[in-house]
Amino acid sequence: MLPIDEAAHSNRWRRRHPVDKAVLGLGLTVLAISLPPWPGAALVLVTALVLLAGPAGVPGRRLWRAYRVPLGFCVTGAATLLVQIGGPGGFVSLADGGPVRAGELLLRTSAASLGVLLFAFTTPMSDLLPRLVRAGVPAPVVDVALVTYRMSFLLLDSVRLIRQAQAARLGHTTRAAAWRSLGGLGATAFVRAFDRAARLQAGLAGRGYDGTLRVLVPEARVSAPFTAASLALLAALTVLTLVLERPLS
């Protein structure tokens with residue numbers, strides 16, 4: 001399993017209803033986008049980190065392994081604001097006010113990403129997707145998402161086994177061998193993916209598939225106290241930001 005899926009199935013909020021965690025996680029994301037970067041986005045970022053490491057109980061190493069990918073995109077996007085193309089300074093020169101704009105963008109995007117990860121790290125897809133049908137999402141769309149989610153893990157497991165087999169046969173000893181192994185890996189994974197899809201279709205047809213995948217969903221109720229506390233926290237962050245707002249300089 002991926003680190004984010006392992007955390008989603010083992011955190012302390014695993015049994016809570018997805019609506020509870022959506023109000024908190026997606027609410028923090030909205031605040032990170034709408035509030036001023038300083039101190040609003042900074043407060044959102046710190047709050048999300050505290051919630052993940054504290055009440056949710058997500059291990060720091062697992063959080064970093066998943067967060068470093070979107071953080072890399074945030075840093076790359078912010079770095080482009082440091083320079084400008086053309087102008088009196090030459091073909092490439094430092095942009096006026098670039099560090100301030102880059103810092104604001106980095107704060108806003110990194111905090112928003114962490115708000116989304118708060119929801120993803122505490123909510124397994126197996127709990128979320130079946131409930132989308134009750135929310136009005138067409139059942140075929142949810143079924144495709146469920147099958148794709150399941151097949152992605154099977155494909156990753158197949159790739160891991162193939163790489164292990166290639167390494168045991170000295171398939172990565174030289175650059176040429178590594179390229180040949182990479183080509184074989186892609187071809188084998190492609191064939192296995194189609195084979196698994198065909199077997200899945202045959203299995204569903206043998207079980208009387210009528211266009212809807214029926215799965216068991218863990219019983220959970222929306223917690224009014226948890227939702228109220230989340231809304232109170234979001235309101236407190238908004239008020240604190242408006243009180244402490246200062247230009248980032």
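- Both V243 and L31 belong to a single network of hydrophobic side chains, linked directly or stepwise wherever heavy atoms of I, L, V, M, F, W or Y lie under 4.5 Å apart.
- Summarising the local packing, CZ of R175 is surrounded by 12 or fewer heavy atoms from other residues, nucleotides or ligands at distances under 6.0 Å.
- For R12, the CZ atom sits in a packed shell: over 12 heavy atoms of surrounding residues, nucleotides or ligands are nearer than 6.0 Å.
- From L26, atom CG reaches atom CG of L118 across 9.0 Å, with rounding to the nearest 0.5 Å.
- Judged purely by atom type and a 3.5 angstrom limit, T173 uses its side chain to pair as donor or acceptor with the backbone of L170.
- In this structure, the side chain of T122 engages the main chain of F119 through a donor-acceptor pair within 3.5 Å.
- Closest non-hydrogen pair, P55 versus V50, comes out as CD-O, 3.4 Å.
- In this structure a side-chain-to-backbone donor-acceptor pair under 3.5 Å is present from R169 to A165.
- Side-chain polar atoms of S223 and D20 form no donor-acceptor pair below 3.5 angstrom.
- Nearest approach of S113 to C74, heavy atoms of both residues: OG-SG, 3.8 Å.
- The closest donor-acceptor contact from the side chain of E104 to the backbone of P37 lies at 3.5 Å or more, if one exists at all.
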Full working for side chain to side chain contact (heavy atoms under 4.5 Å, CB included) between L24 and K21: CA-CA 5 Å; L24 180 57; K21 295 170 282 189; 5.8 Å; no

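- Heavy atoms from other residues, nucleotides or ligands lying under 6.0 Å from CZ of R199 number more than 12.
- With values rounded to the nearest 0.5 angstrom, T47 atom OG1 is found 6.0 Å from L233 atom CG.
- Two different hydrophobic clusters hold L155 and L161 under the rule that ILVMFWY side chains link at heavy-atom gaps under 4.5 Å.
- At a threshold of 4.5 Å between side-chain heavy atoms, the hydrophobic network of Ile, Leu, Val, Met, Phe, Trp and Tyr places L240 and L45 in one connected group.
- Hydrophobic cluster membership differs between F73 and L117, with clusters built from Ile, Leu, Val, Met, Phe, Trp and Tyr side chains linked at under 4.5 angstrom.
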Stepwise ring pair (Phe, Tyr, Trp, His ring centres under 6.0 Å) test for F226 and W13: CA-CA 11 Å; F226 187 91; W13 290 349; 5.2 Å; yes

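- With salt bridges taken as basic N to acidic carboxylate O contacts below 4.0 Å, none links R192 and D195.
- When all heavy atoms of A56 and N11 are compared, the pair lying nearest together is O-CB, 3.3 Å.
- In this structure, the separation between CG on L81 and CG on L105 is 5.5 Å, given to the nearest 0.5 Å.
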Pair L63-F121, side chain to side chain contact (heavy atoms under 4.5 Å, CB included): steps then yes or no: CA-CA 8 Å; L63 172 62; F121 263 103; 3.6 Å; yes

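- Of the inter-residue distances, the one linking R163 atom CZ with L185 atom CG reads 6.5 Å to the nearest 0.5 angstrom.
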Intermediate values then yes/no, side chain to side chain contact (heavy atoms under 4.5 Å, CB included), R108 and S34: CA-CA 9 Å; R108 194 183 293 277; S34 57; 5.9 Å; no

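- Contact detail for A41 and A111: the closest heavy-atom pair is O-CB, 3.3 Å.
- Taking CG of L35 as the start and CG of L237 as the end, the distance is 8.0 Å to the nearest 0.5 Å.
- Shown are I33, L114, L51; of these, the side-chain contact (heavy atoms from CB on, under 4.5 Å) with L28 is made only by L51.
- Using cut-offs of 30° and 60° on the angle between ring planes, the pair Y67 and W64 is perpendicular.
- A donor-acceptor pair under 3.5 Å links the side-chain atoms of S181 to the main chain of G171, judged by distance alone.
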Side chain to side chain contact (heavy atoms under 4.5 Å, CB included) between H172 and Q166, intermediate numbers included: CA-CA 7 Å; H172 302 149; Q166 290 175 340; 3.6 Å; yes

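- Linking Ile, Leu, Val, Met, Phe, Trp and Tyr whenever their side-chain heavy atoms come within less than 4.5 Å leaves L49 and V116 in two separate clusters.
- When all heavy atoms of T29 and G115 are compared, the pair lying nearest together is OG1-C, 3.3 Å.
- In plain terms, the two heavy atoms of T241 and P36 that are nearest each other are CG2-CD, 3.9 Å.
- Separation of atoms CD1 (I162) and OG1 (T188) is listed at 5.0 Å; rounding is to 0.5 Å.
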